[in-house]
Amino acid sequence: MTHDPTTILHDRLMAAMRAALGDALPASAEPMLAPSRSPKFGDYQANCAMALGKQLGKPPREVAQSILDRLDVADIAEPPTIAGPGFINITLRTDALASAVAALDRPGADGDLGIEAGKPTSTVVVDLCGVNLAKQMHVGHLRATVIGDALARLHERLGYNVIRQNHFGDWGLPIAMVTGAVLSKAKTGQLELSRLTLDDLEREYRAAQKACDVGKTEMMLIRKFSLGPKIEAEWAPASEDGESASARARATLVALQSGEQETFRVWQRISEVTLEACFANCKRLQANVTAEATAGESTYRDELGTVVADLEQRGVAIESDGALIVKLDEFGINEPCLIRKRDGGFLYATTDIAGIRRRVQDLGASRAVYAVDARQSLHFRQVFAAARKAGYARTPSGADAALVHAAFGMVLGEDNRPFKTRSGENVKLSDLLDEAVSRAEAAVAEKNPQLSAAERRDVAEAVGIGAIKYADLSSDRIKDYVFNFDRMLAFEGATGPYLQYAHVRVSSILRKAQEEFGVDTQTISGAHFAIGSPEEKALALELLKYAPVVRASAEACEPHRLCGYLYDLASAFARFFDACPVLRAPDESTRDARLRLTALTGRVLGDGLHCLGIAAPHRM
RNA sequence: GCCCCGGUAGCUCAGUUGGAUAGAGCAGCGGACUUCUAAUCCGCAGGUCGAUGGUUCGAAUCCAUCCCGGGGUGCCA
C-alpha cells in the first residue's frame, strides 16, 4: 500500500468528485492537486472546483463544498478548508507526514526515495557529446555532453534501459582531407603516428581545410561581380591549388571508402587519438561516455545506400533538380529534406535518418533523445518527419517511438557574444575545466585549510566540475547562457557548491553522530520520525516531492527542474540545520528523529546530484 | 520573405495542464557565529512579466497583431 499523500489525496478527491457530481462529472476532470505555494494555504491545494464550476455553471465554492462533504481524508489530513474563489486547502496530519517520509526511506511499494524501480523496461537512446574527428572538444560539446548525460542518468534512475550514442563525426570529405595530410606527412617523416597528438591533428585539419579553400571565395566573388578576365587570371593559380587539394581529398575519401589499408590505418589512428582525448574529458566531466557508447558516422557507411534505395523505391523520396529529397509538406515543413546530392553524395540528414532507423529498429528504442544545439532544430524536425514518413520510427509493436530534440542554446561570454577566447578562437574544454578546478582549489584552500593536499585536490575537482555542470544544467536548456566563473563558483546562492555543501553538512552530522554517540545509519533508519517544528515539516514536505520531480524532469527532458528542486531542498535543509539542533537536540528521541531526517535528506541530495552527474563529496 | 526560439527586479534566472499578494540568487542596506563546516540563516528594499487588443470568475501562462534580440532557411556538417 502506498504512503504517498499525493496519490492518496488524488484518489480520495477523485472519488469525492464522482460522488458529488455523478454523471455530470466531465470525463477529463482531475482534482488538480498540487503542493501549496505557501504554508498558509496548507500543504496541498486542489484547484478543481473552479474549473468544474465553470463547466457546470455552478458557483465554484458550492462545488468545492459538495466535494468536501463527500471527501474522506480524516486518516491522513486535518479537516480541509475552502478558501478564496474555491481552493480546497489540505493540511496533512503530522503522523501521516511522518509515515509518508518513513516510506521514502524504506524501499518498498513506493520504491526507494519514492521512485519505483524494476518496472518492465523500455529502451531510451540518448544522443550526446557529438565530437568530431581531429578536433578538440570546446564549449559547444560541453552542453551536448553534460545535458545528454544528465538526461541519460535521469532515465536510468527511472529504470529505463538507456543506450548512449556519441555520434562521432568521423566520416566525409573534411575527414579525408586531414587523413590525407597526415598520411603524407607520416610518409615523409614529418609526423610520427605513434606520437600523434590532438594538437597535431587540429593543426593539420586547419591547414588541410585552408589548402582546399584557397582561391575558392575569391573566384566566386570574381565571377559573381564579373570583375573581368584579368583579375580572374591573377587568381587562377591559387584557385588551381585549391582545386587540386580538393581533388586529392576526394581521392583520399575514395581510398578510405574502399578500405585501402594504409589510408584506413591512418584514419583509425586519428580516430583513436581524438577519442582518447574525448573520453578523458568526459571522464573528468563525470559524463558516462565510453567507446561502447560511441557510434561514428563511419559505422553508417554501408547503411546509407540501403536506406536511400529503400526510400527511393517506395516513393518516400523523389528526385528534384537532380537531387533526391523527401517532401514534408504534410508535416507542416516547407523545406524538403535533402538526402542525396546531385553528385550522388549523401548528406548529414541521410546519416541521421539511418540513425533513427538504427535506434528504433536495431536498438529497440521507444524513445530517442538528441542533446544537440538548438541551431539544428529545423534539421531535426525534417529528419524526424522523414523517418516517420518512411516508417523507420515505428517500433515492432506498431507504436510510434518518441523522437525528441533536447535542444540547447549557446554558451555566451560576458559580452553576450558566443564564448570565445580573446583572439576569437573556440575555448578548449580541457582549459575551461582546468581553470574551474584551479579556482575551486584556491577557494577550498581558503575555506578549509585543514584538508590535506591530496584531499584538497579531490574536493577542488568535484567542486570545480560540479560548478560548471550545475551552471549549465540549471537554466532552461533552450536558452543561451552567459558563462561566468565568478558566478558559478561563488559559494553563495544557487550554485553547484551550495548543493554540495548541504550534502557535506549532512555527512558531517552523521559522522559526528557515529563518533560521539555511536549512532550509525542502521540505528537511524529504525528511528521514529517526529515532525515538530515548521522547519522539519517544510523539509519533510520537500523530500516528498523528489520522485515526481525526477519523473517530470526526465519526461520533459529538462534537467533544470531537478536542479531547481535540489536547490529548494538544500535550502530547506539549511533552514532546518539553522533552527533545529540535531546532535544537541533536547532529548534522544528527537535527536534520532532529526538524525533520520538528516540522513534521508543526504540520500535524496546525493541521489539527485547523481542524476545530474555532479559529485557529492563528504567533506569540502 | 518564410520558419523556429527568446524578451519576467539593476544583473543572472525560476514560474507545474490558466490559480490566491509574480518567486529565487547576485549586487545594495540591516541583523545572527565560544558552529552540528557562517561555502549558512533571518529581515528590508527592488516589477507596466517587450507593447496593444481579446478570451474569463481569474492571464507571465491561451488567442491575434505588432516591437526588439538571436538562430535557421535545397546540394557543408
Side-chain angles (χ1 to χ4, degrees), chain A residues 28 30 32 34-38 40-41 45 47 50-51 53-54 59-60 83-87 89 130 132 169 171-174 297 320-325 332-343 345 347-349 351-352 373-379 381 407 409-410 412 416 443-444 446-448 450 463 471 474-476 478-482 484 486-495 497-498 500-502 504-513 516 548-549 552 556 560-561 563-564 567-568 570-571 573-575 577-585 594 598 619-620:
Chain A
S28 62
E30 275 291 312
M32 301 174 79
S36 294
R37 269 182 191 279
S38 152
K40 70 185 160 206
F41 300 134
Q45 60 181 54
N47 302 338
M50 279 86 74
K54 183 170 9 183
F87 294 99
N89 291 339
N132 294 305
W171 206 241
L173 196 62
E297 286 175 352
S320 165
D321 284 337
L324 198 63
I325 64 168
I333 302 171
N334 298 323
E335 300 85 347
C337 186
L338 213 60
I339 58 168
R340 191 180 64 205
K341 296 189 284 181
R342 209 179 321 192
D343 68 5
L347 295 110
Y348 76 137
T351 312
D352 279 328
D373 197 338
R375 284 175 295 189
Q376 306 292 328
S377 157
L378 174 60
H379 167 70
R381 285 209 301 143
M410 282 183 291
L412 305 177
N416 273 314
V444 172
E446 189 202 319
K447 302 271 184 189
N448 195 350
Q450 297 102 301
V463 169
S474 61
S475 64
D476 196 350
I478 195 64
K479 294 187 180 179
D480 295 344
Y481 86 96
V482 177
N484 181 326
D486 291 330
R487 196 163 47 233
M488 66 180 72
L489 280 160
F491 297 115
E492 48 269 335
T495 62
Y498 177 87
Q500 291 171 323
Y501 180 60
V504 163
R505 300 222 276 191
V506 168
S507 300
S508 179
I509 290 181
L510 297 179
R511 197 165 50 235
K512 289 218 159 97
E516 292 177 24
V549 167
H560 81 283
R561 297 190 189 208
C563 289
Y567 176 75
D568 289 342
S571 107
F573 176 72
R575 279 190 285 274
F577 184 92
D578 213 58
C580 308
V582 177
L583 298 177
R584 277 183 266 122
R594 288 179 178 170
T598 300
R619 292 175 206 265
M620 64 190 271

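In what follows, chains carry the letters A, B, and so on, assigned in the order in which the sequence lines appear, proteins first and then strands, with residues in each chain numbered from 1. Atoms considered below: every heavy atom in the structure, side chains included; atoms not considered: hydrogens, waters and symmetry mates.
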Evaluate the side-chain proximity of [Y] to [X]: yes if any heavy-atom separation is below 4.5 Å, no if none is.
X        : Y        : result
A:Asn47  : A:Phe87  : yes
A:Arg619 : A:Arg511 : yes
A:Ile333 : A:Leu378 : yes
A:Arg594 : A:Pro581 : yes
A:Ile509 : A:Phe577 : yes
A:Ile339 : A:Leu347 : no

Give the rounded distance in Å between these two atoms: [atom1] of [X] and [atom2] of [N].
X        : N     : atom1 : atom2 : answer
A:Ile339 : B:C75 : CD1   : C1'   : 12 Å
A:Leu173 : B:C75 : CG    : C1'   : 14 Å
A:Gln45  : B:U17 : CD    : C1'   : 14 Å
A:Asn47  : B:A20 : CG    : P     : 8 Å
A:Asn448 : B:U40 : CG    : C1'   : 15 Å
A:Asn484 : B:C13 : CG    : C1'   : 13 Å

| said: Under the rule for salt bridge (Lys or Arg N to Asp or Glu O under 4.0 Å), what residues qualify as partners of A:Arg37, not counting sequence neighbours? | reply: none

Rounding to an integer number of angstrom, what distance separates [N] and [M] when you compare their [atom1] atoms?
N     : M     : atom1 : result
B:A51 : B:U73 : P     : 32 Å
B:G58 : B:A22 : C1'   : 14 Å
B:A39 : B:C44 : C1'   : 24 Å
B:A45 : B:G23 : C1'   : 16 Å
B:U17 : B:U56 : P     : 23 Å
B:C62 : B:C68 : C1'   : 23 Å
B:G19 : B:A60 : P     : 10 Å
B:C26 : B:A9  : C1'   : 12 Å

| task | Dump the intermediate steps for side-chain contact (heavy atoms from CB on, under 4.5 Å) on A:Thr598 and A:Phe573, then the final yes or no. | result | CA-CA 8 Å; A:Thr598 300; A:Phe573 176 72; 4.0 Å; yes

| To the nearest 0.5 Å, how far apart are CD1 in A:Ile478 and OG in A:Ser377? | 7.0 Å

| remark: In this structure, CG of A:Leu324 is separated from SG of A:Cys337 (nearest 0.5 Å) by 10.0 Å

What protein N or O atoms touch nucleotides 42-44 of chain B N or O atoms at under 3.5 angstrom, if any, and at what distances?
| unit_1 | atom_1 | unit_2 | atom_2 | d |
| --- | --- | --- | --- | --- |
| B:C42 | OP1 | A:Arg575 | NH1 | 3.2 |

| request: Could you say whether the aromatic ring of A:Phe87 and the base of B:G19 stack, counting only centre distances under 5.5 Å and plane angles under 30°? | output: no

| query | When you match A:Pro497 and A:Phe577 each to their closest nucleotide on RNA chain B, which lands nearer the 5' end? | reply | A:Phe577

| Given that A:Met32 and A:Glu492 both sit by RNA chain B, which one's nearest nucleotide is further toward the 5' end? | A:Met32

| request: Verify side-chain contact (heavy atoms from CB on, under 4.5 Å) between A:Tyr481 and A:Met410, making sure each step is shown before the conclusion. | output: CA-CA 6 Å; A:Tyr481 86 96; A:Met410 282 183 291; over 6 Å; no

Identify all pairs in which a protein N or O lies below 3.5 Å from an N or O of nucleotides 4-7 of chain B, and state each distance.
| unit_1 | atom_1 | unit_2 | atom_2 | d |
| --- | --- | --- | --- | --- |
| B:G7 | OP1 | A:Lys479 | NZ | 3.0 |

| query | Between A:Arg505, A:Lys447, A:Gln500, which is the residue that forms a side-chain contact (heavy atoms from CB on, under 4.5 Å) with A:Met620? | reply | A:Gln500

| field | Centroid-centroid distance, A:Tyr498 to A:Tyr567, less than 6.0 Å | value | yes

For [X], report the nucleic acid contact type (base, sugar-phosphate, nothing); a contact means any heavy atom under 4.0 Å.
X        : result
A:Ala552 : nothing
A:Lys447 : base
A:Glu30  : nothing
A:Cys580 : base
A:Asn89  : base

| field | B:C41 OP1/OP2 closer than 4.0 Å to side-chain N/O of A:Tyr498 | value | yes

| field | Distance-only donor-acceptor test (3.5 Å): side chain A:Glu297, base B:A77 | value | no

Look at the side chain of [X] and the backbone N and O of [Y], then say whether any donor-acceptor pair between them is shorter than 3.5 Å.
X        : Y        : result
A:Ser474 : A:His560 : no
A:Ser38  : A:Lys40  : yes
A:Asp373 : A:Gln376 : no

| Minimum heavy-atom distance between A:Glu297 and A:Thr351, given as atom pair plus value | CG-CG2, 4.1 Å

| request: Go through the steps for A:Leu583 and A:Lys512 under the test side-chain contact (heavy atoms from CB on, under 4.5 Å), then give the verdict. | output: CA-CA 8 Å; A:Leu583 298 177; A:Lys512 289 218 159 97; 3.5 Å; yes

| field | Strand RNA chain B in bracket notation, Watson-Crick/G-U under 3.5 Å with | for pairs to another chain | value | (((((((..((((.....[...)))).(((((.......))))).....(((((..]....))))))))))))....

Can you check nucleotides 67-74 of chain B for protein contacts, nitrogen or oxygen pairs under 3.5 Å, and list what you find?
| unit_1 | atom_1 | unit_2 | atom_2 | d |
| --- | --- | --- | --- | --- |
| B:G74 | N1 | A:Ser320 | OG | 2.7 |
| B:G74 | N2 | A:Ser320 | O | 2.8 |
| B:G74 | N2 | A:Ser320 | OG | 3.1 |

| Between B:A14, B:U40, B:C76, which one does the side chain of A:Arg505 approach most closely? | B:U40

Distances under 3.5 Å only, N/O to N/O: pair up the protein atoms with those of nucleotides 54-60 of chain B.
| unit_1 | atom_1 | unit_2 | atom_2 | d |
| --- | --- | --- | --- | --- |
| B:G58 | O6 | A:Lys54 | NZ | 2.8 |

